[in-house]
Amino acid sequence: MKILLVSDSHGYDDELKKVLENVKCDLKIHCGDSCFDENSPFIKEFAAIVDGNHDQGFFPLTTTLPTALGNILITHGHKFNVYAGYDYLVDYMNKADIHICFHGHTHVPHYEIYKNKVFINPGSIMFNRGQSQCGSYAIVSVDDKLHVDFFDSRTQKKIPQSLIDKDQDILNEFKRFACQK
């Protein structure tokens, strides 16, 4: 199964439309901060959409997607304090017997295994924080294993892992700063 994973489009519908028209996949998921209203034509495009901190409250805060690898938790991340790390999500996932999480909120594309849980953030379709200087989305392949690639939402080109790593370093620095308050 090939999944298009997007987040944090914040009403940048032209960018989102371009991605939806150019990416072929089996399933489309939006991890929140879509800024869709209930009449948005984009809603029908997605198998799952969750509420983010800039949404209007008519999508769920979390949902799960059954896959060959087990259920995947889909959330925006703001209610789980992802800027401080993944511990709140790990606790939630342990209670629900979930091992994979798709989330947004940080505007930084990211793939990490933490405390035996897998976390994937596609970044923001709109604009990412960090050095990549682009918006992004992820293509997640789920079969007997998981494979993740990140793409520039404007050019549709794969983002080099070196940029993904640099942006993660910036996010980690921000987390250290945020947690000191």
Is it true that a side-chain atom of [X] and a backbone atom of [Y] form a donor plus acceptor pair closer than 3.5 Å?
X    : Y    : answer
D152 : I159 : no
S9   : M126 : no
D55  : G52  : yes
K115 : V90  : no
N71  : I98  : no
D33  : H10  : no
S124 : D8   : yes
D143 : K145 : no

To the nearest 0.5 Å, what is the distance between [atom1] on [X] and [atom2] on [Y]?
X    : Y    : atom1 : atom2 : value
T63  : I72  : OG1   : CD1   : 11.5 Å
S153 : N128 : OG    : CG    : 7.5 Å
D51  : T75  : CG    : OG1   : 9.5 Å
I49  : F59  : CD1   : CZ    : 4.0 Å
I100 : I120 : CD1   : CD1   : 7.0 Å
E21  : L16  : CD    : CG    : 10.0 Å

Is there a chain of hydrophobic side chains (I, L, V, M, F, W, Y, each step under 4.5 Å between heavy atoms) that links [X] to [Y]?
X    : Y    : value
Y12  : I43  : no
V108 : F127 : no
L163 : L5   : yes
V23  : V148 : no
F102 : L20  : no

Evaluate the criterion side chain to side chain contact (heavy atoms under 4.5 Å, CB included) for residue pair H99 and L69; output intermediate values, then yes/no. CA-CA 9 Å; H99 301 285; L69 297 176; over 6 Å; no
Looking at every non-hydrogen atom in both residues, tell me the closest pair between [X] and [Y] and how far apart they are.
X    : Y    : answer
E112 : Y86  : OE1-CE1, 3.6 Å
I74  : A48  : CD1-CB, 3.9 Å
S136 : P122 : OG-O, 2.6 Å
P109 : I164 : CG-CD1, 3.6 Å
G104 : S7   : CA-OG, 3.3 Å

Taking the ring centre of each residue, are [X] and [Y] less than 6.0 Å apart?
X    : Y    : result
H30  : F36  : yes
F150 : Y137 : no
Y83  : H78  : no

Is the shortest heavy-atom distance from the side chain of [X] to the side chain of [Y] under 4.5 Å?
X    : Y    : result
Y92  : T62  : yes
V140 : Y111 : no
K2   : I139 : yes
I29  : I3   : yes
Q156 : F151 : no
N121 : T106 : yes
L4   : L27  : no

So that I can tick it off, tell me whether D149 and K158 are bridged by a salt bridge, with the cut-off set at under 4.0 angstrom between side-chain N and carboxylate O. yes
Determine whether the side chains of H54 and H76 contain a donor N or O and an acceptor N or O closer than 3.5 Å. no
Are K117 and N94 close enough that a side-chain donor and a side-chain acceptor fall under 3.5 Å?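 There is such a pair between these side chains.
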Just checking [X]: does its [atom1] atom have more than 12 heavy atoms from other residues, nucleotides or ligands closer to it than 6.0 angstrom?
X   : atom1 : value
K18 : NZ    : yes
D14 : CG    : no
F58 : CZ    : yes

Assign the ring pair F119 / H103 to parallel, tilted or perpendicular, where the plane angle (0 to 90°) is split at 30° and 60°.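 If you compare the ring of F119 with that of H103, the planes turn out perpendicular.
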